[in-house]
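The next block holds one structure in the form of structure tokens; read it before the comments.
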Amino acid sequence: MLLPRGITGFWGVTTAPPPLLDGKAFCHMCHTLARKNGGIISEVDTDTTARNFYSAKFRRYDDSIFILQNAHYPYAAFAQRDASGSFILTSRPEWLQLPEDLVRLLSLDEVNQDWRSLWQELGPEELEQVRYWNPQTAGEIIFNTWD
């Protein structure tokens with residue numbers, strides 16, 4: 001996997017902005033998945049003001065998990081919140097089935113891999129942000145809260 005140009009959500013004055021995936025389509029996908037998996041969506045956030053991803057909280061019985069989707073490319077991963085409210089990427093719960101045709105579900109190994117061998121397609125503005133924010137993993141780039 002290479003990190004495609006624009007995945008960070010940053011671009012320059014001389015480059016075209018990255019594609020922006022439809023937030024309403026993300027909401028629809030999440031509600032459909034919740035129905036098919038016997039759960040509900042208790043939160044949806046498509047505000048990308050200070051981040052480059054959408055999030056939704058799935059609840060089923062006493063279990064819950066967040067699904068994150070990059071706002072520019074259909075890459076998704078699962079997460080939990082820590083005590084500070086930050087997302088910690090995690091593996092998919094057994095009870096949640098996600099059709100691969102909607103998004104590319106990234107494994108925990110993929111999001112936790114070092115990004116330094118995956119950067120070749122990133123633009124100069126993105127690399128500047130990467131140098132500033134100093135992420136350690138691909139997941140920190142794909143699902144970032146840089147402003």
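Heads up: numbering here begins at 1 and tracks the sequence.
Between F26 and T46, the shortest heavy-atom distance links the atoms CD2-CG2, 4.1 Å. When all heavy atoms of C30 and A56 are compared, the closest pair comes out as SG-CB, 3.5 Å. The shortest non-hydrogen separation linking W11 to A16 is CB-O, 3.9 Å. Closest non-hydrogen pair, M1 versus A138, comes out as CE-CB, 4.3 Å. The two residues S84 and D82 make their nearest non-hydrogen contact at OG-OD1, 2.8 Å. The heavy-atom pair separating R5 from E121 by the smallest distance is CB-O, 3.1 Å.
Shown here is E128, whose CD atom has no more than 12 heavy atoms of other residues, nucleotides or ligands within 6.0 Å. For NE2 of H31, the number of neighbouring non-hydrogen atoms (other residues, nucleotides, ligands) closer than 6.0 Å is greater than 12. Atom CD of Q120 is surrounded by more than 12 heavy atoms from other residues, nucleotides or ligands within 6.0 Å.
S64 is listed as a side-chain neighbour of R59, based on a closest heavy-atom distance under 4.5 Å. By the 4.5 Å heavy-atom criterion applied to side chains, R131 and E126 are not counted as neighbours. Side-chain contact check for N37 versus F58: every heavy-atom pair is 4.5 Å or farther apart. Residues Q80 and T90 have side chains in contact (heavy-atom distance under 4.5 Å, counting atoms from C-beta outward). In this structure, the side chains of F78 and L105 come closer than 4.5 Å at one or more pairs of heavy atoms. Looking at heavy atoms from C-beta onward, Y75 lies out of side-chain contact with L3 at the 4.5 angstrom threshold. Between V130 and P135, some side-chain heavy-atom pair lies under the 4.5 Å cut-off.
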List the steps and the verdict of side chain to side chain contact (heavy atoms under 4.5 Å, CB included) for K57 and R81. CA-CA 10 Å; K57 185 175 185 179; R81 284 203 186 264; over 6 Å; no

Check step by step if side chain to side chain contact (heavy atoms under 4.5 Å, CB included) holds for E43 and F66. CA-CA 9 Å; E43 294 177 36; F66 285 88; 3.8 Å; yes

D22 vs K24, salt bridge (Lys or Arg N to Asp or Glu O under 4.0 Å): CA-CA, chis, key distance, verdict: CA-CA 5 Å; D22 184 7; K24 288 181 182 181; over 6 Å; no

I'd like to know whether F10 forms a side chain to side chain contact (heavy atoms under 4.5 Å, CB included) with W146, so could you lay out the CA-CA distance, the side-chain angles of the two residues, the decisive distance to 0.1 Å, and finally the verdict. CA-CA 10 Å; F10 288 90; W146 306 340; 3.8 Å; yes

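Side chain to side chain, W133 and N144 fail the donor-acceptor criterion of an N or O pair below 3.5 Å. Using modelled atom types, one finds no donor on one side chain facing an acceptor on the other under 3.5 Å when comparing D109 with S107.
Residues M29 and W95 share a single hydrophobic cluster, defined by chaining ILVMFWY side chains whose heavy atoms lie under 4.5 Å apart. Hydrophobic cluster membership differs between L122 and L2, with clusters built from Ile, Leu, Val, Met, Phe, Trp and Tyr side chains linked at under 4.5 angstrom. Taking hydrophobic clusters as Ile, Leu, Val, Met, Phe, Trp and Tyr residues chained together by side-chain heavy-atom distances below 4.5 Å, I41 does not share a cluster with Y61. Residues L127 and I7 are members of one and the same hydrophobic cluster, defined by side-chain heavy-atom contacts under 4.5 angstrom among Ile, Leu, Val, Met, Phe, Trp and Tyr.
Considering L89, T137, L68 in turn, L89 is the only one that fulfils the side chain to side chain contact (heavy atoms under 4.5 Å, CB included) rule with V111.
Here N134 contributes atom CG and Q129 contributes atom CD; the two are 12.5 Å apart, rounded to the nearest 0.5 Å. The distance from atom CG of N70 to atom CG of L21, rounded to the nearest 0.5 Å, is 7.0 Å. L106 CG to R92 CZ: the interatomic distance, rounded to the nearest 0.5 Å, is 13.5 Å. Rounding to the nearest 0.5 Å places OG1 of T8 at 14.0 Å from CD of E140.
Applying the side chain to side chain contact (heavy atoms under 4.5 Å, CB included) rule to R51 yields the partners D45, F53, S55, F87, T145; only residues at least two apart in sequence or on another chain are considered. Partners of S91 under the side chain to side chain contact (heavy atoms under 4.5 Å, CB included) rule, at least two apart in sequence or in another chain, are L108.
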